[in-house]
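To keep things clear, I will list the structure first and then write my remarks on it.
Below, each value reflects all heavy atoms present in this structure, side chains not excepted, and no hydrogens, waters or symmetry copies. Numbers for residues simply follow the sequence, beginning at 1.
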Amino acid sequence: QVQLVESGGGLVQAGGSLRLSCATSGGTRNGYAMGWFRQAPGKEREFVAAISWSGGETFYVDSVKGRFTISRDNAKKTVYLQMRSLTPEDTALYYCAARPRIAGARAPDEYDFWGQGTQVTVAS
């Protein structure tokens with residue numbers, strides 16, 4: 001089992017930046033691929049980004065390419081999502097998720113472990 005706790009969400013103006021963090025505990029130190037998902041009211045949970053256990057491979061949904069960066073620090077057992085040039089369409093509850101080793105999965109049900117989410121609200 002691995003536990004995930006997201007933080008860093010908040011209210012930001014359009015064009016601003018936020019960095020989300022996902023602290024992990026339990027499980028292995030670096031044996032999990034990680035993903036970020038988001039869900040806005042009335043919408044399905046959407047894949048945002050993923051990263052391999054080593055950090056060597058990253059994946060993004062088209063709508064955030066060039067604006068968001070996923071990274072991880074395995075020594076700190078933390079994964080990050082740096083979000084730049086935020087728009088109101090980025091407003092959602094953001095979740096981090098973990099799955100064993102294989103990175104890049106885009107479907108929520110491919111992930112075994114989930115945090116409770118952190119709210120990101122982008123004002124016009």
Side-chain angles (χ1 to χ4, degrees):
Q1 288 280 324
V2 59
Q3 292 77 48
L4 311 174
V5 180
E6 303 96 335
S7 62
L11 176 64
V12 64
Q13 292 181 309
S17 299
L18 285 172
R19 188 177 75 161
L20 306 184
S21 298
C22 177
T24 72
S25 61
T28 62
R29 183 177 178 88
N30 60 1
Y32 295 92
M34 301 292 295
W36 284 96
F37 292 77
R38 64 188 181 187
Q39 189 165 21
K43 296 185 179 180
E44 297 294 319
R45 189 166 298 188
E46 176 191 26
F47 169 80
V48 177
I51 189 166
S52 62
W53 73 270
S54 68
E57 286 188 290
T58 59
F59 309 85
Y60 300 93
V61 68
D62 286 347
S63 62
V64 309
K65 287 180 179 177
R67 299 191 297 122
F68 291 10
T69 303
I70 188 170
S71 61
R72 68 191 301 165
D73 184 338
N74 286 339
K76 296 182 178 180
K77 301 183 70 175
T78 301
V79 62
Y80 304 96
L81 185 68
Q82 178 67 56
M83 305 184 294
R84 294 173 288 270
S85 300
L86 286 161
T87 76
E89 288 70 40
D90 296 314
T91 295
L93 187 64
Y94 283 71
Y95 299 89
C96 66
R99 70 190 304 266
R101 295 191 178 277
I102 307 303
R106 291 174 172 260
D109 62 7
E110 297 287 337
Y111 290 80
D112 298 312
F113 308 106
W114 292 84
Q116 292 299 306
T118 185
Q119 179 66 39
V120 171
T121 302
V122 185
S124 299

query: Please walk me through it: do R84 and T69 pass side chain to side chain contact (heavy atoms under 4.5 Å, CB included)?
result: CA-CA 9 Å; R84 294 173 288 270; T69 303; 2.6 Å; yes
Rounded at 0.5 Å granularity, tell me how far [atom1] in [X] sits from [atom2] in [Y].
X: D109; Y: R45; atom1: CG; atom2: CZ; value: 11.0 Å
X: L86; Y: T121; atom1: CG; atom2: OG1; value: 10.5 Å
X: E44; Y: R38; atom1: CD; atom2: CZ; value: 14.0 Å
X: E46; Y: Y95; atom1: CD; atom2: OH; value: 13.5 Å
X: N74; Y: W53; atom1: CG; atom2: CH2; value: 7.5 Å
X: S85; Y: F68; atom1: OG; atom2: CZ; value: 9.0 Å

message: Between M34 and T24, is there a side-chain heavy-atom distance shorter than 4.5 Å?
response: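 Yes, side chains in contact.
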message: Do D73 and Y80 make a side-chain contact, defined as non-hydrogen atoms from C-beta onward lying under 4.5 Å apart?
response: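 In short, these two side chains touch, coming nearer than 4.5 Å.
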task: Using the side-chain hydrogen bond (donor to acceptor under 3.5 Å, both in side chains) rule, take S52 and R72 through it: C-alpha gap first, then chi angles, then the decisive distance, then the call.
output: CA-CA 9 Å; S52 62; R72 68 191 301 165; over 6 Å; no
- prompt: F37: what forms a ring-ring contact (aromatic ring centres under 6.0 Å, His included) with it, not counting sequence neighbours?
  reply: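 Counting only residues at least two positions away or on another chain, F37 forms a ring-ring contact (aromatic ring centres under 6.0 Å, His included) with F47, Y111, W114.
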task: Could you go through the side chain to side chain contact (heavy atoms under 4.5 Å, CB included) check for D112 and Q1 one step at a time?
output: CA-CA 9 Å; D112 298 312; Q1 288 280 324; over 6 Å; no
For residues [X] and [Y], report the shortest heavy-atom separation together with the two atoms involved.
X: V48; Y: V64; result: O-CG2, 3.7 Å
X: A103; Y: F59; result: CB-CE1, 3.8 Å
X: G117; Y: L93; result: C-CD1, 3.8 Å
X: T91; Y: A40; result: O-CB, 3.7 Å
X: S25; Y: K77; result: CA-NZ, 4.1 Å
X: L11; Y: A123; result: CD1-CB, 4.2 Å

message: Taking side chain to side chain donor-acceptor pair (under 3.5 Å) as the cut-off, I'd like each qualifying pair that reaches into residues 6-16, sequence neighbours left out, listed once.
response: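 Passing the test, one end in residues 6-16: no pairs.
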message: Show, in sequence, the C-alpha distance, side-chain angles and deciding distance for D90 and R67, and conclude whether the side chain to side chain contact (heavy atoms under 4.5 Å, CB included) test is met.
response: CA-CA 11 Å; D90 296 314; R67 299 191 297 122; 2.8 Å; yes
field: Derivation and outcome, side chain to side chain contact (heavy atoms under 4.5 Å, CB included), residues W36 and I70
entry: CA-CA 8 Å; W36 284 96; I70 188 170; 3.5 Å; yes
